[in-house]
Enquirer: 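Here it is, the structure in full.
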Amino acid sequence: MIEIGTQIDLLHPADRVWRAVTDPELLGRWFADAEPVPGRPDRWRLRTAGLSGFDTDTDVEGVDRRAPELIVVRCREGARDSLLTCSVTPTEAGCRVLVRETVERGDWPAEQGARREECYRQALAGRLPALLDWLAFRQVDLRRDSAAPTAVLPVALMADVGRPPTRRRAAGTVAGLGVVTLALGLAGWVLSRGGPPADPGADPVAPATGATAAPGPARSTATVRPTPTPTPSGSARPSRTPSATPSRRTPSPTPTATGALDARYETVSTRLFGYTGEVVVDNPGGSPTSDWTVRVTLPRGSSAAEVSGADWRQDGQSVTFTGPAVPAGGSQVIRFDVRTADPVTKAPAGCTVDERPCAGL
């Protein structure tokens, strides 16, 4: 029996995630288009042909469904049958989504199974959170508070998430903040497949006239050069028996000698409930440097995902990155997504390379 699977922690309530996983229209926005089979509400076809790890479209039949925590379906893809389980478990910060698929008939080549698992992981960690951010944004209620004209913008967890939010006219300061929130909430849809789904119950939102995108932070191109090490003064004592053969005690340099590295952090993009960070590790020395460690401290309740450029693990708020040797005079770029419940904080709380602070924070 072959089994693949992946899981992710999301900073959204289980009810909202359940809707995104089971609504055919929303499913098509973050994974694959779903077409119901006429007369069979428990069956539909997923347009998975062309997705990494899939050979053709997939016929899906419901097996078990316990809202909002578990859905089990049987998938038929050509000559292969599999059982796909998706569970949604509430956590302190949101919920945990676990997807597991087990082959019941047929087989997967090892490479195809790995590509299929990666397809699930990228959809769960990338496109699904962007959709959830958009759903959360539609629940923002602009409220006038006579005691506090600049009241915060709460995310109302309405019982019916499909109901359009109440639209009220707020004070000028709150309206300005609403425009900023709109820009952040829809930023995740830049790379989406056609934008957010239509909501027939909601009033259309007109774009702000004359609004232009704010330029992203400039990347520094300065290279940190090593400070020359001073040579102690004084004359060397001559040897009594000079020899052309070097001393056996003289160590020869190794290509992986460890030297001091520099690192700089930059937030390269932001969205309503997260951001994308980048750490550039520079080696100003004359030899490749291995065995380096970058540690990034995230705000409480945040989680990292979609990491490129390094191996990584997260332990609480600390995310540890390790990777290949950095060549002499070269750099290693680490990029990662951060999911956070705080719509204001758009940078880690700390960053170090080999226990030395990163620039940029």
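The figures that follow rest on heavy atoms only: side chains count, while hydrogens, waters and symmetry mates do not.
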Enquirer: Which heavy atom of Ser303 sits nearest a heavy atom of Leu298, and at what distance?
Expert: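 Closest approach of Ser303 to Leu298: C-CD1, 4.1 Å.
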Enquirer: So do Phe321 and Asp311 actually touch side chain to side chain, heavy atoms under 4.5 Å?
Expert: no
Enquirer: Is there a side-chain contact (heavy atoms from CB on, under 4.5 Å) between Thr340 and Thr345 once you walk through the steps?
Expert: CA-CA 8 Å; Thr340 175; Thr345 303; 5.6 Å; no
Enquirer: Check the surroundings of atom CZ in Arg80: do more than 12 heavy atoms from other residues, nucleotides or ligands lie under 6.0 Å from it?
Expert: yes
Enquirer: Counting only N and O atoms by type, is there a donor-acceptor contact under 3.5 Å from the side chain of Trp292 to the main-chain atoms of Pro324?
Expert: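 At least one qualifying donor-acceptor pair exists.
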Enquirer: Shared ILVMFWY cluster between Leu51 and Val103, side chains joined below 4.5 angstrom?
Expert: yes
Enquirer: Please check if any side-chain donor atom of Glu3 sits under 3.5 Å from a side-chain acceptor atom of Thr102, or the reverse.
Expert: yes
Enquirer: Between Ser318 (side chain only) and Asp315 (backbone N and O only), is there a donor and an acceptor less than 3.5 Å apart?
Expert: no
Enquirer: Show, in sequence, the C-alpha distance, side-chain angles and deciding distance for Thr289 and Leu261, and conclude whether the side-chain contact (heavy atoms from CB on, under 4.5 Å) test is met.
Expert: CA-CA 8 Å; Thr289 300; Leu261 297 176; 3.8 Å; yes
Enquirer: Do Phe336 and Val296 have side chains that get closer than 4.5 Å, going by heavy atoms?
Expert: yes
Enquirer: Decide yes or no for Asp33 and Leu46: does some side-chain heavy atom of the first lie under 4.5 Å from some side-chain heavy atom of the second?
Expert: no
Enquirer: Could you check whether atom CZ of Arg121 has more than 12 heavy atoms from other residues, nucleotides or ligands sitting under 6.0 Å from it?
Expert: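 Yes, enclosed.
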Enquirer: Taking Thr91 for the side chain and Gly94 for the main chain, is one N or O donor matched with an acceptor at less than 3.5 Å?
Expert: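 Here the side-chain-to-backbone pair exists.
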Enquirer: Return the minimal non-hydrogen interatomic distance between Leu124 and Leu10, and the atom names on each side.
Expert: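 That closest heavy-atom pairing would be O-CD2, 4.3 Å.
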Enquirer: Would Leu11 and Leu135 show up in the same hydrophobic cluster when neighbours are defined by side-chain heavy atoms closer than 4.5 Å?
Expert: no
Enquirer: Only one of Arg19, His12, Arg339 forms a side chain to side chain contact (heavy atoms under 4.5 Å, CB included) with Leu132, so which one is it?
Expert: His12
Enquirer: Quick one: do the Thr276 and Asp337 side chains pair a donor with an acceptor below 3.5 Å?
Expert: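 Yes, Asp337 and Thr276 have a side-chain donor paired with an acceptor closer than 3.5 Å.
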Enquirer: Is the side chain of Gln332 donor-acceptor paired with the backbone N or O of Gly309 at a distance under 3.5 Å, no angle test?
Expert: yes
Enquirer: Quick one: does any side-chain atom of Asn283 pair with a main-chain N or O of Val326 as donor and acceptor, under 3.5 Å?
Expert: yes
Enquirer: Salt bridge check, Arg105 against Asp81: does any charged N sit closer than 4.0 Å to a carboxylate O?
Expert: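 Here Asp81 pairs with Arg105 in a salt bridge, since their nearest N and O are under 4.0 Å apart.
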Enquirer: Return the minimal non-hydrogen interatomic distance between Val21 and Cys86, and the atom names on each side.
Expert: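 In this case the closest contact between Val21 and Cys86 is CG1-SG, 3.9 Å.
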Enquirer: Stepwise, does the side-chain hydrogen bond (donor to acceptor under 3.5 Å, both in side chains) test hold for Glu117 with Thr6?
Expert: CA-CA 7 Å; Glu117 186 175 74; Thr6 186; over 6 Å; no
Enquirer: Could you please spell out the steps behind the side-chain hydrogen bond (donor to acceptor under 3.5 Å, both in side chains) verdict for Thr322 and Thr293?
Expert: CA-CA 5 Å; Thr322 58; Thr293 300; over 6 Å; no
Enquirer: Charged N to carboxylate O below 4.0 Å: is that the case for Arg66 and Asp64?
Expert: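 Here Arg66 pairs with Asp64 in a salt bridge, since their nearest N and O are under 4.0 Å apart.
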Enquirer: May I ask you to test the Leu128-Phe31 pair for a side-chain heavy-atom distance under 4.5 Å?
Expert: no
Enquirer: Answer whether the closest heavy-atom distance between the side chains of Val17 and Val97 falls below 4.5 Å.
Expert: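 In short, these two side chains touch, coming nearer than 4.5 Å.
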Enquirer: Do Arg264 and Glu278 meet the salt-bridge criterion of a basic N to acidic O distance under 4.0 Å?
Expert: no
Enquirer: Quick check against the 3.5 Å criterion: does Gln314 have a side-chain atom that pairs as donor or acceptor with the backbone of Gly316?
Expert: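 Looks like yes, one N/O pair under 3.5 Å.
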Enquirer: Between the side chain of Trp30 and the main-chain N/O of Ala20, is any donor-acceptor distance below 3.5 Å?
Expert: yes
Enquirer: Sub-3.5 Å donor-acceptor pair from the side chain of Lys346 to the main-chain atoms of Tyr275, do we have one?
Expert: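 Not at all, since once roles are kept as given, no pair shorter than 3.5 Å links the two residues.
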Enquirer: Is Arg45 salt-bridged to Glu35, going by a charged N under 4.0 Å from an acidic O?
Expert: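 Salt bridge: no.
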Enquirer: A side-chain contact here means heavy atoms from C-beta on lying under 4.5 Å apart; do Ser302 and Pro299 qualify?
Expert: yes
Enquirer: Quick one: pull up OG in Ser308 and CZ in Arg335 and give me the separation to the nearest 0.5 Å.
Expert: 7.0 Å
Enquirer: On a heavy-atom basis, which atom in Ala304 and which in Trp312 lie closest, and how many Å separate them?
Expert: O-CH2, 3.3 Å
Enquirer: Evaluate Glu77 against Thr58 for side-chain hydrogen bond (donor to acceptor under 3.5 Å, both in side chains), listing each step before the verdict.
Expert: CA-CA 5 Å; Glu77 180 196 2; Thr58 304; 4.7 Å; no
Enquirer: Is there a path of hydrophobic side-chain contacts, each under 4.5 Å between heavy atoms of I, L, V, M, F, W or Y residues, that connects Leu83 with Leu70?
Expert: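 Per the 4.5 Å side-chain linkage, Leu83 and Leu70 are co-clustered.
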Enquirer: Answer yes or no: does atom CZ of Arg96 have more than 12 heavy-atom neighbours from other residues, nucleotides or ligands under 6.0 Å?
Expert: no
Enquirer: Give the minimum heavy-atom separation between Asp15 and Pro68, together with the two atoms involved.
Expert: OD1-CG, 3.4 Å
Enquirer: Check the hydrophobic clustering (I, L, V, M, F, W, Y; side-chain heavy atoms under 4.5 Å; chains of links allowed) and say if Leu84 and Val60 are grouped together.
Expert: yes
Enquirer: I'd like to check Arg29 versus Arg127 (side-chain heavy atoms, cut-off strictly below 4.5 Å). Are they in contact?
Expert: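 When only atoms from C-beta onward are counted, Arg127 and Arg29 do not touch, as no gap falls below 4.5 Å.
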Enquirer: Any Lys/Arg nitrogen of Arg40 or Asp42 sitting under 4.0 Å from an Asp/Glu carboxylate oxygen of the other?
Expert: yes
Enquirer: For Glu61, is there an ion pair with Arg76 - N to carboxylate O distance below 4.0 angstrom?
Expert: no
Enquirer: When you look at Glu101 and Ser82, which way does the side-chain contact (heavy atoms from CB on, under 4.5 Å) test go after all the steps?
Expert: CA-CA 7 Å; Glu101 186 172 16; Ser82 61; 2.6 Å; yes
Enquirer: To the nearest 0.5 Å, tell me how far Arg295 CZ sits from Thr352 OG1.
Expert: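 Between atom CZ of Arg295 and atom OG1 of Thr352 there are 6.5 Å.
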Enquirer: Verify whether one side chain among Ser331 and Asp282 offers a donor that lies under 3.5 Å from an acceptor in the other.
Expert: yes
Enquirer: Over all heavy atoms of both residues, which pair between Cys351 and Leu361 is shortest? Give the atoms and the distance, please.
Expert: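 Where Cys351 meets Leu361 most closely, the heavy atoms are CB-CD1, 3.5 Å.
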Enquirer: Flag this pair as yes if the NZ/CZ of Arg116 is under 6.0 angstrom from the six-membered ring centre of Phe54 and inside a 45 degree cone about the axis; otherwise no.
Expert: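 Yes, Arg116 sits over the ring of Phe54.
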Enquirer: Side-chain contact, heavy-atom cut-off 4.5 Å: Thr56 with Thr48?
Expert: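 No. Closest side-chain heavy atoms not under 4.5 Å.
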